[in-house]
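All of these numbers come straight from a predicted model, not from anything done at the bench.
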Amino acid sequence: MNFEETKTMLENKGQTQLLKYYDELDQTQKEELLARIGKIDFSLLEILDNPSMKQKRGDIKPLSALKLSEIDKNRDSYEKTGIEAIKAGKVGAILLAGGQGTRLGYDKPKGTYNLGVTKELYIFECLINNLMDVVKKADAWVPIAIMTSDINHDDTVSFFKEHDYFGYNSDYVYFFVQDMAPATDYNGKIYLEEKYKPAMSPNGNGGWFTSFAGAGLLDEFNKLGVEWMNVFAVDNVLQRIADPSFVGATIQSECVCGAKVVSKAAPDEKVGLLCTEDGRPSIVEYYEMTDEMMYSKDENGDLLYNYGVILNYLFSVKELIRIMEDKLPIHVVEKKIPYIGDDGVKNKPEKPNGYKFELLVLDLIHLMKDCLSYEVRRENEFAPVKNLTGIDSVESARELLVKNNVEI
Ligand code: UTP
């Protein structure tokens, strides 16, 4: 689009503030601004004017899990099925690493954070080490695709190269870049991050499959014969990836997906809970739960809504393809967004000053026909690094790594 076309389009959308500094820019910046505006997905903003587009909840009911006691009894059989699938090349892994990790306050990709105390131990390294356990057991490489964003892609790729993929076979490591979404003020006007650059941020982790397919990796994984994809977050350093028992249990259950869950630490713990909604699996956020739901118990005295998700899912590729065209709900989140003020000077706000728009991987679960809820031991499999100190932090993750005999 040339300047006139862009201006007309922005007038129609009420977003002409994006051209406010156009006349001050040099030719390259002018072209860059027009190109960037041309790529914006404005449809995400429609939700601000149409509250009816907001996610509406149906009839929520508890979903019980395949419990640890039962898993322990059948572990050999599950592992055998899982290892067979991995050996046959049917299992791939998707590492979601496109987030900005703002809570950690570290300006490089979160996976490059060094958790080591007496030696170097990076978050990415912990994850690769965990995956290597499975590779050794199955005697087969698991293809792993790493989702980055425009903001951290180059740093992530060069970090893996510099560290020789932490001993992983680089032929089985793929990278793809997720989409970006505009960031707006409270009136829905897109901010300028620079005079020649609209404010954009990664569009959440929910768009991973579309971006993965768009990058040609679905074809690549199809050629390898991948039928199951284990999707997980960068920040849980105790994450078991392509866990044979989880894979085997999901296959044996004949469900089209599986989700690792932990028993809630307290009835009001702030975790998303795996439930059913209108008969299909669904993840309900803690703030959507009524007190009654939070505290109700079953006949054994266990919490009815007891199983929290830890962002570790196994999806059937066929099912992901089936739902590919389905729309995910858009989540509007308040964030601190750096912007060029009316005086032309860049501001870095201390408090939230607008909205970002995100799609979430947890919403994919509700599009699935069914889902195996698979319980894991929190102390062995859940050590998220969200903050520097306190809950879910560098500190708590270090403690948990040590408890799990990882040298740090
Ligand atoms: P979080 O919800 O913790 O978000 O992401 P974040 O952006 O990393 O961190 P904060 O909230 O700013 O502190 C959960 C997982 O989803 C990935 C993250 O990298 C992490 O693995 N993610 C998140 C993406 O891949 N893309 C996104 O746009 C957002």
Review item, side-chain donor-acceptor pairs of residues 196-209, under 3.5 Å, at least two apart:
residue: Asn203; atom: OD1; partner: Gln178; partner atom: NE2; Å: 3.0
residue: Asn205; atom: OD1; partner: Val361; partner atom: N; Å: 2.8

Show me the donor-acceptor pairs, under 3.5 Å and distance only, between side chains in residues 98-109 and residues at least two apart or in other chains.
residue: Gln100; atom: OE1; partner: Lys356; partner atom: NZ; Å: 3.1
residue: Tyr106; atom: OH; partner: Thr112; partner atom: O; Å: 3.2
residue: Tyr106; atom: OH; partner: Thr112; partner atom: OG1; Å: 3.1

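One side chain, Asn312 or Asn230, offers a donor N or O that lies under 3.5 Å from an acceptor on the other. Looking only at atom types and distance, the side chain of Ser316 has no donor-acceptor partner in the side chain of Arg322 under 3.5 Å away. A donor-acceptor pair shorter than 3.5 Å cannot be found between the side chains of Asp278 and His366. No hydrogens or angles considered: nothing links the side chains of Tyr286 and Glu288 as a donor-acceptor pair under 3.5 Å. Glu254 and Gln252 are not linked by any side-chain donor-acceptor pair at a separation below 3.5 angstrom, with hydrogens and angles left out of the test. In this model, no donor atom of one side chain and acceptor atom of the other lie less than 3.5 Å apart for Asp392 and Asn387. Counted by atom type alone, Glu334 and Tyr186 present one or more donor-acceptor pairs between their side chains at under 3.5 Å.
A pairwise comparison of heavy atoms in Ile71 and Ser245 identifies CG2-OG, 4.0 Å as the closest pair. Closest heavy-atom contact between Ala383 and Ala397: O-CB, 4.0 Å. Smallest separation of non-hydrogen atoms from Glu381 and Asn236: O-ND2, 2.8 Å. When all heavy atoms of Ala259 and Leu274 are compared, the pair lying nearest together is CB-CD2, 3.8 Å. For Val317 against Val226, the heavy-atom pair with the smallest separation is CG2-O, 3.7 Å. Annotation for Ser158 and Asp154: closest pair OG-O, 2.8 Å, computed over non-hydrogen atoms.
Within the 4.5 Å cutoff, side-chain heavy atoms of Leu304 are placed close to those of Pro62. Under the 4.5 Å side-chain criterion, counting only non-hydrogen atoms from C-beta, Pro338 is not in contact with Asn347. You'll find the side chain of Cys257 stays beyond 4.5 Å of the side chain of Tyr313, heavy atoms only. Taking the side chain as every heavy atom from C-beta outward, Leu218 and Ile321 approach each other to under 4.5 Å. Contact annotation: the side chain of Leu273 never approaches that of Val309 to less than 4.5 Å [non-hydrogen atoms, C-beta and beyond].
One finds no salt bridge joining Lys346 and Glu193 here, because no Lys/Arg side-chain nitrogen approaches an Asp/Glu carboxylate oxygen to under 4.0 Å. In this structure, Arg57 pairs ionically with Glu277, as a charged nitrogen and a carboxylate oxygen lie closer than 4.0 Å. A salt bridge is defined here as a Lys NZ or Arg NE, NH1 or NH2 lying under 4.0 Å from an Asp or Glu carboxylate O, and Asp59 with Arg280 fails to meet this definition. Ion pair Asp302/Lys297 not flagged as a salt bridge, since none of the NZ, NE, NH1 or NH2 atoms sits closer than 4.0 Å to an Asp/Glu carboxylate oxygen. A salt bridge links Glu32 with Arg36; the closest basic N to acidic carboxylate O contact falls under 4.0 Å.
For Lys20, the NZ atom is densely surrounded, since the number of other residues' heavy atoms within 6.0 Å is greater than 12. Around the NZ atom of Lys30, the shell of radius 6.0 Å holds more than 12 heavy atoms that belong to other residues, nucleotides or ligands. Other residues, nucleotides and ligands contribute only 12 or fewer heavy atoms inside 6.0 Å of the CG atom of Asp139. Heavy-atom contacts from other residues, nucleotides or ligands closer than 6.0 Å to CD of Glu350 number 12 or fewer. Heavy atoms of other residues, nucleotides or ligands lying less than 6.0 angstrom from NZ of Lys119 number more than 12. The number of heavy atoms from other shown groups lying within 6.0 Å of NZ (Lys336) does not exceed 12.
Side-chain atoms of Lys264 come within 3.5 Å of backbone N or O of Pro267 as a donor-acceptor pair. With hydrogens and angles ignored, the 3.5 Å screen pairs no side-chain donor or acceptor of Thr276 with any backbone N or O of Gly279. The closest donor-acceptor contact from the side chain of Asn404 to the backbone of Val406 lies at 3.5 Å or more, if one exists at all. For Asn353 (side chain) and Pro349 (main-chain N/O), no donor-acceptor pair under 3.5 Å exists by modelled atom type.
A parallel orientation is assigned to the rings of Trp141 and Tyr172, their planes being inclined by less than 30° (bins at 30° and 60°). Classified by interplanar angle (parallel below 30°, tilted 30° to 60°, perpendicular above 60°), the ring pair Phe159/Phe124 is tilted. Aromatic ring pairs are classed by plane angle as parallel below 30°, tilted from 30° to 60° and perpendicular above 60°; the pair His163 and Phe166 is parallel.
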Problem set entry | Evaluation steps, ring pair (Phe, Tyr, Trp, His ring centres under 6.0 Å), between Phe160 and Phe175 | CA-CA 11 Å; Phe160 268 91; Phe175 295 92; 5.7 Å; yes

- Task: Check step by step if side-chain contact (heavy atoms from CB on, under 4.5 Å) holds for His331 and Phe357.
- Result: CA-CA 6 Å; His331 296 258; Phe357 301 82; over 6 Å; no

Let's go through Glu399 and Lys403 carefully: what are the C-alpha distance in whole Å and the side-chain angles of both, what is the deciding distance for salt bridge (charged side-chain N to carboxylate O under 4.0 Å, His left out) to 0.1 Å, and is it a yes or a no? CA-CA 6 Å; Glu399 275 170 35; Lys403 279 193 187 146; 5.0 Å; no

Show the numbers, then the answer: is there a ring pair (Phe, Tyr, Trp, His ring centres under 6.0 Å) between Tyr22 and Phe3? CA-CA 9 Å; Tyr22 186 81; Phe3 175 77; 4.4 Å; yes

| field | Step-by-step side-chain contact (heavy atoms from CB on, under 4.5 Å) determination, Asn114 to Ile123 | value | CA-CA 7 Å; Asn114 182 10; Ile123 291 182; over 6 Å; no

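Atom CD of residue Glu292 and atom OH of residue Tyr305 lie 8.5 Å apart, to the nearest 0.5 angstrom. How far OG1 of Thr184 is from CD of Gln17: 9.5 Å, rounded to the nearest 0.5 Å. Between the CG atom of Leu95 and the CD1 atom of Ile241 there is a distance of 7.0 Å, given to the nearest 0.5 Å. Rounding to the nearest 0.5 angstrom, the gap separating the CD1 atom in Ile40 from the NZ atom in Lys13 is 10.0 Å.
Residues Phe212 and Tyr174 keep their aromatic ring centres 6.0 Å or farther apart.
Tyr374 does not carry Lys260 over the face of its six-membered ring by the limits of under 6.0 Å from the centre and within 45° of the normal.
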